[in-house]
Amino acid sequence: MSPSPRVPHHVGIIMDGNGRWAKLQGKSVNFGHRAGVRAIKRVMYACDDLGIEVLSIYAFSTENWSRSRREVGGLMRLFEETVQKEFDELHERGIRVYISGRRDGLSPHLVRMLEDAEERTRDNRRGVLNVCLNYGGRAEIVDAARRLVAEGVAAEAVDEKAIAERLYVPELADPDLVIRTANESRLSNFLLWQSAYSEFYVTRTLWPDFDKPDLEAAVAEYQRRERRFGGR
Ligand code: IPE
Ligand code: IPE
Ligand code: MG
């Protein structure tokens, strides 16, 4: 297969480096997370400009609960604030919102807000924002397995399609490109099932500094890649 000049349909971003960014400024980590939210907004506009239709962002992992109470509390407040402040604009722009992750551990107030955002935006068609919040790729596969068992699916009927249909957002195509900021080369439990054949791109840029030129560089690199999917 020749390199694809196509723009990726679905981009996943592991937004890393908020803590390091804050430290460089001599500020608290939650200051970094706030700057990270501003970067999300910029990147969503950039996706729209470049023709990227689906954006998945890793906002909080199932492992991030192990951080200090202060940081986790700050993040949860920031999620509530952001949904409150930003989702009307998302809706007006025609973006459909999905939330991937477990609901347990989140406050009932936040869960209500997230479910309301999903519900309100369900007919939007301009683009998709999939927010991975309290998300773990392993937890997602465990949850799919639990559903198979609960539905009484026979062992012989369990195949890749049966599992894929029970992931959090089965209607989303797999990400074509996964970007990780802050120079770390690992998935950290992000979209494990879906990223089997995604192209992986790492940048040194810390997430709060990430902007349209960084996204363009990632897409340009993606377009130079040769995707083989195991073929020749
Ligand atoms: C990523 O930034 C945001 C979340 C995990 C919520 P970090 O907070 O992990 O930033 P670093 O890795 O400490 O720089
Ligand atoms: C991954 O970043 C999780 C999110 C971006 C939400 P982490 O900073 O938690 O990952 P590790 O600990 O460096 O692998
Ligand atoms: Mg990190």
Side-chain angles (χ1 to χ4, degrees), residues 10-44 46-47 54-83 85-86 97-107 110-111 113-114 129-143 167-169 172 175 177-195 198-211 214-215 218:
H10 180 178
V11 173
I13 307 187
I14 304 168
M15 310 182 292
D16 200 13
N18 294 353
R20 276 162 277 180
W21 184 88
K23 200 166 175 199
L24 284 170
Q25 328 261 323
K27 295 281 178 39
S28 75
V29 64
N30 285 320
F31 181 82
H33 293 317
R34 284 182 179 273
V37 170
R38 292 194 291 277
I40 296 174
K41 238 184 130 167
R42 288 197 304 268
V43 169
M44 281 186 45
C47 282
V54 182
L55 175 65
S56 287
I57 52 171
Y58 203 5
F60 192 84
S61 74
T62 47
E63 288 72 38
N64 287 147
W65 294 107
S66 64
R67 297 188 179 192
S68 72
R69 270 185 61 162
R70 188 190 172 88
E71 182 174 355
V72 171
L75 276 165
M76 293 299 148
R77 268 193 305 281
L78 183 60
F79 296 144
E80 291 190 6
E81 245 181 74
T82 305
V83 178
K85 268 188 9 207
E86 306 292 348
V97 176
Y98 290 101
I99 310 295
S100 289
R102 287 190 170 161
R103 304 303 198 240
D104 47 292
L106 305 177
S107 77
L110 180 57
V111 170
M113 290 171 82
L114 296 173
L129 178 67
N130 174 34
V131 183
C132 299
L133 203 164
N134 196 16
Y135 174 87
R138 288 182 175 179
E140 182 176 29
I141 295 167
V142 167
D143 289 348
L167 297 175
Y168 294 139
V169 192
L172 292 186
L177 171 65
V178 172
I179 298 171
R180 182 157 184 158
T181 58
N183 208 26
E184 306 292 352
S185 303
R186 55 178 172 268
L187 278 173
S188 302
N189 210 5
F190 183 57
L191 300 179
L192 292 185
W193 178 278
Q194 299 89 333
S195 64
S198 304
E199 295 296 326
F200 198 54
Y201 177 87
V202 176
T203 171
R204 304 185 78 84
T205 305
L206 303 175
W207 176 248
D209 290 329
F210 195 91
D211 209 340
D214 301 280
L215 184 65

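We use all heavy atoms of the structure for the numbers below, so side chains are in, but hydrogens, waters and symmetry mates are not. Both ligands and their constituent atoms are indexed starting at 1 by order of listing.
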Exercise. Do the side chain of Arg20 and the main chain of Leu206 share a donor and acceptor less than 3.5 angstrom apart?
Worked result: no

Exercise. Does the Ser198 side chain pair with the main chain of Pro175, one donor and one acceptor, at a distance under 3.5 Å?
Worked result: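 Judged by distance alone, yes, a pair lies under 3.5 Å.
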
Exercise. Is ligand 1 under 4.0 Å from a heavy atom in the side chain of Asn64, in the backbone, in both, or in neither?
Worked result: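 Only the side chain of Asn64 comes within reach of ligand 1.
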
Problem set entry | Heteroatom proximity flag, Val29 to ligand 1, N/O under 3.5 Å |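 Not met; the criterion fails.
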
Problem set entry | Gly17 N/O under 3.5 Å from ligand 1 N/O |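 Yes; the residue has a nitrogen or oxygen that sits under 3.5 Å from a nitrogen or oxygen of the ligand.
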
Among all protein heavy atoms, pick the one closest to [atom] and tell me residue, atom and distance.
| atom | result |
| --- | --- |
| atom 7 (P) of ligand 1 | Asp16 OD1, 3.5 Å |
| atom 14 (O) of ligand 2 | Ser188 OG, 2.6 Å |
| atom 10 (O) of ligand 2 | Arg180 NH2, 3.3 Å |

Are side-chain N/O atoms of [X] and [Y] paired as donor and acceptor at under 3.5 Å?
| X | Y | value |
| --- | --- | --- |
| Arg180 | Ser188 | yes |
| Asn189 | Ser61 | no |
| Glu80 | Ser107 | yes |

For this session: For residues Asn183 and Val202, report the shortest heavy-atom separation together with the two atoms involved.
Result: CA-CG1, 3.6 Å

Exercise. Hey, is the Mg ion (ligand 3) within less than 2.8 Å of some N/O/S atom on Asp16?
Worked result: yes

For this session: May I ask you to list the atoms of ligand 1 that are less than 4.0 angstrom from any heavy atom of Ala59?
Result: 6 (C)

Seminar exercise, completed: Here the atoms of ligand 1 under 4.0 Å from any heavy atom belonging to Gly19 are 7 (P), 8 (O), 10 (O), 11 (P), 13 (O), 14 (O)

Exercise. Is there a protein heavy atom less than 4.0 Å away from atom 2 (O) of ligand 2?
Worked result: yes

Seminar exercise, completed: Candidates Lys23, Arg20, His33; heavy atom nearest atom 12 (O) of ligand 1 found on Arg20

For this session: Name the option, out of Glu71, Glu184, Arg67, Glu63, that contains the heavy atom nearest to atom 5 (C) of ligand 1.
Result: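 Ranked by closest heavy atom to atom 5 (C) of ligand 1, first place is Arg67.
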
Exercise. Going by the angle between their ring planes, with limits at 30° and 60°, are Trp21 and Phe31 parallel, tilted or perpendicular?
Worked result: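 It falls in the parallel class, under 30°.
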
Problem set entry | ligand 1 contact by Ala182, heavy-atom criterion under 4.0 angstrom |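 No, Ala182 has no heavy atom closer than 4.0 Å to ligand 1.
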
Exercise. Is any side-chain heavy atom of Val97 less than 4.5 Å from a side-chain heavy atom of Ile99?
Worked result: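 Yes, close enough: below the 4.5 Å cut-off.
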
For this session: Take Arg138 and Glu63 through the salt bridge (Lys or Arg N to Asp or Glu O under 4.0 Å) test and state the conclusion after the steps.
Result: CA-CA 11 Å; Arg138 288 182 175 179; Glu63 288 72 38; over 6 Å; no

Exercise. How does Phe60 reach ligand 2, if at all, at less than 4.0 Å between non-hydrogen atoms: by side chain, backbone, both, or neither?
Worked result: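 The answer is the backbone of Phe60.
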
Problem set entry | Atom pair NE2 (His33) and CZ (Arg38), whose distance is rounded to the nearest 0.5 Å | 13.0 Å

Exercise. Counting from 1, what ligand 2 atoms have a heavy atom of Arg186 closer than 4.0 Å?
Worked result: 11 (P), 13 (O), 14 (O)

